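To start, the structure under review is shown below, and the notes come after it.
These numbers come from the heavy atoms of this one structure, side chains and all, not from hydrogens, waters or symmetry mates. The model shown is predicted, which means the values in this text are computed figures rather than measured ones.
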Amino acid sequence: MFYEKDFLTRLDKEKNKIIYARITALRFDESPIELIEGRVTQGSINVDGTSAIRRSCSLTMVASNFDYKDYYWGLNTKFKLEVGVENTIDPAYPDVCWFNQGIFLITNFNTSSSVSNFTISISGKDKMC
């Protein structure tokens with residue numbers, strides 16, 4: 001979806017943002033296998049133009065769905081990362097505005113669950129590495 005520049009500026013200037021992540025496990029041909037969404041509790045995406053590995057990501061999220069298949073999320077699996085920002089500004093746009101961050105290779109994947117939530121930690125390197 002395309003967003004107007006003024007809307008994106010107002011969204012960016014919001015002081016209290018709720019950030020979401022959508023990670024999609026991909027097959028070798030980059031077709032989707034499984035999707036997990038949730039609220040981000042911590043994370044970063046690093047960009048380094050001088051390095052052989054241009055981008056890396058690391059994030060921890062509280063997943064909104066619990067039915068995942070861990071064999072999709074083994075090491076060296078590709079995943080697509082999208083970051084979402086909750087829209088509290090303009091009802092003409094979706095509740096969460098999603099922004100594609102690219103395709104990464106999983107370097108680390110951990111899960112933990114408790115009675116009240118399901119937490120996922122994932123790290124990845126740019127697929128071009």
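Taking 4.0 Å as the cut-off between side-chain N and carboxylate O, Lys127 and Glu30 count as a salt-bridged pair.
Between Arg22 and Trp98, the closest side-chain pair of non-hydrogen atoms falls below 4.5 Å. Taking 4.5 Å as the limit, some side-chain heavy atom of Leu35 sits within range of a side-chain heavy atom of Glu37. The shortest side-chain heavy-atom distance between Tyr20 and Val85 does not fall under the 4.5 Å cut-off. Two residues are said to be in side-chain contact when any heavy atoms from C-beta on lie closer than 4.5 Å; Asn110 and Ile120 fail this criterion. Here the side chains of Ile103 and Phe79 are not in contact, with every heavy-atom distance at 4.5 Å or above. Between Lys80 and Leu26 there is a side-chain heavy-atom pair separated by less than 4.5 Å. Residues Leu59 and Leu81 have side chains in contact (heavy-atom distance under 4.5 Å, counting atoms from C-beta outward).
Taken together through direct or relayed side-chain contacts under 4.5 Å among Ile, Leu, Val, Met, Phe, Trp and Tyr, Phe118 and Phe109 form part of one hydrophobic cluster.
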Acceptor/donor pairs from residues 4-18 side chains to any protein atom, 3.5 angstrom cut, sequence neighbours excluded:
| from | atom 1 | to | atom 2 | distance (Å) |
| --- | --- | --- | --- | --- |
| Thr9 | OG1 | Lys5 | O | 2.9 |
| Lys17 | NZ | Asp12 | O | 2.7 |

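Aromatic rings from Phe99 and Tyr3 are positioned such that their centres are separated by under 6.0 Å.
A cation-pi arrangement, defined by a distance under 6.0 Å to the six-membered ring centre and an angle within 45 degrees of its axis, is present between Lys78 and Phe28.
One finds the CG atom of Asn87 at 4.5 Å from the SG atom of Cys97 (value rounded to the nearest 0.5 Å).
Summarising the geometry of Ile36 relative to Ala63, their closest heavy-atom pair is CG2-CB, 3.9 Å, with the distance given to 0.1 Å.
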